[in-house]
Amino acid sequence: MSPSRTRGSSCQSVVIRLLWAVLVPLVILLQLVQHVPALGIPLLLAAFAAGGIYLVRNARKAEQRRLEAARLAQIREVQSREIARYHTLGPTEFEHAVAYLCQRDGCTDVKVIGGAGDLGADVIATAPTGYRLVIQCKRYGPTHKVGSPEMQRFGGTCYSVHRAHIPVMVTTSAFTAQAANYATVQGIRLYDEHALAGWASQTGPAPWHQVSAPAA
């Protein structure tokens with residue numbers, strides 16, 4: 001049997017079930033109204049009331065879905081503009097932009113220390129939670145992912161050298177699977193272009209907002 005014929009049969013089956021579900025009870029109610037009005041009329045009115053409530057609830061749910069879809073679309077648009085703006089920055093400008101986000105969101109002792117000999121830390125700050133935040137910034141193009149070697153270099157210094165409570169790697173691109181796996185094992189927070197856009201537009205969390213306690 002062809003797929004189109006199968007879909008047609010399925011639709012017919014649904015229609016038949018709906019007819020049975022609606023028409024049969026309606027016919028029974030009408031018979032009751034005709035022959036036993038004292039019972040049939042209240043039941044008919046109750047059925048109409050239930051149907052009205054059902055329609056109103058469905059309309060409300062549809063409106064809620066529409067509003068949520070519009071809200072998400074607006075968030076995506078705002079985040080898209082944010083990440084496009086970061087792609088226009090140079091590496092040093094990007095480090096300062098990330099430092100600004102930290103300061104804007106309540107961090108103290110914010111310092112940009114990126115450059116030669118930074119040993120993997122570009123921005124250091126104290127988060128509003130009191131934890132030491134160590135961030136490495138990678139201003140890459142959309143097709144240049146942060147790989148495992150870079151992640152391992154950061155993992156080798158963020159705790160032992162910079163005494164991080166919350167180590168974070170922020171990029172305008174994405175991370176390879178190997179880099180993400182290493183970060184998970186080492187407790188390094190990853191902010192790709194989407195997470196960065198959410199943080200920048202305040203439609204997503206900052207790096208120090210997390211469920212579990214940061215690594216010691």
Grab the two heavy atoms, one from [X] and one from [Y], that are nearest each other, plus how far apart they are.
X: Ala97; Y: Leu89; value: CB-CD1, 3.8 Å
X: Ala206; Y: Asp105; value: CB-OD2, 4.3 Å
X: Gln202; Y: Arg104; value: CG-NH2, 3.4 Å
X: Arg139; Y: Pro91; value: CB-CA, 4.1 Å
X: Gly120; Y: Thr157; value: CA-OG1, 4.1 Å
X: Ala99; Y: Val112; value: CB-CG2, 3.5 Å

Residue set satisfying ring pair (Phe, Tyr, Trp, His ring centres under 6.0 Å) with His144, at least two apart, ordered chain then number -> Tyr140
Please name all residues satisfying ring pair (Phe, Tyr, Trp, His ring centres under 6.0 Å) with Phe175, sequence neighbours left out, ordered by chain then number. none
Distance, nearest 0.5 Å, that separates [atom1] of [X] from [atom2] of [Y]:
X: Arg189; Y: Leu133; atom1: CZ; atom2: CG; result: 10.0 Å
X: Gln136; Y: Met151; atom1: CD; atom2: CE; result: 8.5 Å
X: His96; Y: Gln103; atom1: NE2; atom2: CD; result: 12.0 Å
X: Ile113; Y: Leu119; atom1: CD1; atom2: CG; result: 8.5 Å

Partner residues of [X] under the side-chain contact (heavy atoms from CB on, under 4.5 Å) criterion, sequence neighbours left out:
X: Pro149; result: Arg153
X: Thr129; result: Ala127, Tyr131, Trp208
X: Ala195; result: Tyr191, Asp192
X: Cys158; result: Phe154, Ala164, Pro167

Tell me, yes or no, whether the heavy-atom count around Lys138 atom NZ, taken from other residues, nucleotides or ligands under 6.0 Å, exceeds 12. yes
Partner residues of Gln152 under the side-chain hydrogen bond (donor to acceptor under 3.5 Å, both in side chains) criterion, sequence neighbours left out: Ser148
For the side chain of [X] and the backbone of [Y], is there at least one donor-acceptor N/O pair under 3.5 Å apart?
X: Tyr159; Y: Gln186; result: yes
X: Asp122; Y: Cys137; result: yes
X: His162; Y: Arg132; result: no

Beyond-backbone contact of Val170 with Phe94, side-chain heavy atoms, under 4.5 angstrom: yes
Which pairs pass side-chain hydrogen bond (donor to acceptor under 3.5 Å, both in side chains) with one or both residues in residues 171-183, sequence neighbours excluded? none
Before giving the answer on side-chain contact (heavy atoms from CB on, under 4.5 Å), spell out for Val98 and Ile135 the whole-Å C-alpha distance, their side-chain angles and the decisive distance to 0.1 Å. CA-CA 9 Å; Val98 171; Ile135 304 176; 4.0 Å; yes
